[in-house]
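For reference, the structure discussed in these notes is given below.
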Amino acid sequence: GAGVSQSPSNKVTEKGKDVELRCDPISGHTALYWYRQSLGQGLEFLIYFQGNSAPDKSGLPSDRFSAERTGGSVSTLTIQRTQQEDSAVYLCASPNYEGGPYNSPLHFGNGTRLTVT
Amino acid sequence: AQSVTQLGSHVSVSEGALVLLRCNYSSSVPPYLFWYVQYPNQGLQLLLKYTSAATLVKGINGFEAEFKKSETSFHLTKPSAHMSDAAEYFCAVRKGSQGNLIFGKGTKLSVKP
């Protein structure tokens, strides 16, 4: 597609429920990132996929969080047994590797605003 | 390990005044540095990036940033603020060979008429 697409744009869920957030990166982009944006916390790295390599999961805050990337394209971030502190905007991004992998900018989706009540 | 620190979570300037948003980085290798901007109710977009080709980098909307290795800084400036510059600005550094970007906590810029 023309840009990074995320769905849903908004999700309200009850504490304890599981949620799935979807990201459809720019076609052909082999790398994909998930970030979380909370008020006053900036952008918190969650997980990074690069091609067929093992993902960098070092940013996942707990074992309730997991992510998959099927077929090297669409990614799903799953949060199990949601807690109120999980409320945030979850952003997906992919780089276009213009000029090389180290200085390529990220193209962000518009995010999913998750509210846990 | 790479990291960035943005000094000041909120900066307020008058329209027409100089904008200065501070970013200091920590990196064990030559860094790749970026500034992103997030306008209200919009996604993040790239403002400019440092690629080691030049220490003074020009970005969109009249913004520029200067890489100063001796000060480990990459401050963002604009000579004259416009109302439309009101947004949140994020500094970021590339982490290692995997390409992960580490972001600062952001600075919210307000522009007063």
Side-chain angles (χ1 to χ4, degrees), chain A residues 2-7 9-10 23 25-26 29-60 67 88-113, chain B residues 1-10 21-23 25 27 29-54 57 59-60 63 65 67 74 87-108:
Chain A
V4 178
S5 177
Q6 291 188 247
S7 62
S9 55
N10 280 284
C23 172
I26 295 173
H29 287 192
T30 58
L32 185 149
Y33 300 75
W34 282 98
Y35 289 88
R36 177 168 70 176
Q37 185 175 20
S38 307
L39 192 63
Q41 296 300 314
L43 272 79
E44 178 187 4
F45 165 72
L46 296 178
I47 189 169
Y48 164 60
F49 294 92
Q50 172 55 62
N52 295 322
S53 301
D56 177 355
K57 303 179 181 180
S58 60
L60 294 178
V89 177
Y90 289 82
L91 294 166
C92 177
S94 67
N96 63 8
Y97 290 138
E98 169 189 309
Y102 299 110
N103 57 23
S104 53
L106 293 183
H107 295 266
F108 283 85
N110 287 329
T112 294
R113 182 175 295 278
Chain B
Q2 283 82 351
S3 67
V4 288
T5 302
Q6 290 185 242
L7 297 176
S9 58
H10 285 87
L21 305 181
R22 299 178 186 274
C23 173
Y25 69 90
S27 176
V29 298
Y32 293 90
L33 296 158
F34 305 78
W35 275 99
Y36 284 79
V37 60
Q38 186 174 34
Y39 296 104
N41 300 315
Q42 294 187 28
L44 280 93
Q45 57 182 282
L46 181 70
L47 200 55
L48 51 81
K49 63 181 181 181
Y50 168 68
T51 63
S52 77
V57 182
I60 61 173
F63 283 92
F67 173 71
F74 190 57
E88 191 159 18
Y89 294 79
F90 295 90
C91 184
V93 63
R94 179 78 72 195
K95 175 186 174 185
S97 61
Q98 293 270 345
N100 186 10
L101 270 187
I102 302 299
F103 286 83
K105 292 189 181 297
T107 297
K108 185 164 289 188

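Letters A, B, ... are given to chains in the order of the sequence lines, protein chains preceding strands, and every chain is numbered from 1.
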Side chains of A:Tyr48 and A:Gln50: do they bring a donor and an acceptor to under 3.5 Å?
yes
What class does the angle between the rings of B:Phe67 and B:Tyr50 fall in, given that below 30° is parallel, 30 to 60° is tilted and above 60° is perpendicular?
parallel
Under 4.5 Å to a heavy atom of chain A? For B:Leu44 that would be both
Before you tell me yes or no, could you show the steps for B:Phe63 and B:Trp35 under side chain to side chain contact (heavy atoms under 4.5 Å, CB included), namely the whole-Å CA-CA distance, both residues' side-chain angles and the distance that decides it to 0.1 Å?
CA-CA 10 Å; B:Phe63 283 92; B:Trp35 275 99; over 6 Å; no
Tell me, for B:Gln38 versus chain A, whether the close heavy atoms (under 4.5 Å) come from the side chain, the backbone, both or neither.
side chain
Which portion of A:Glu44 sits near chain B, non-hydrogen atoms under 4.5 angstrom
neither
Report yes or no: does B:Tyr25 contribute a side-chain atom to a donor-acceptor pair with the main-chain N or O of B:Cys91 at less than 3.5 Å?
no
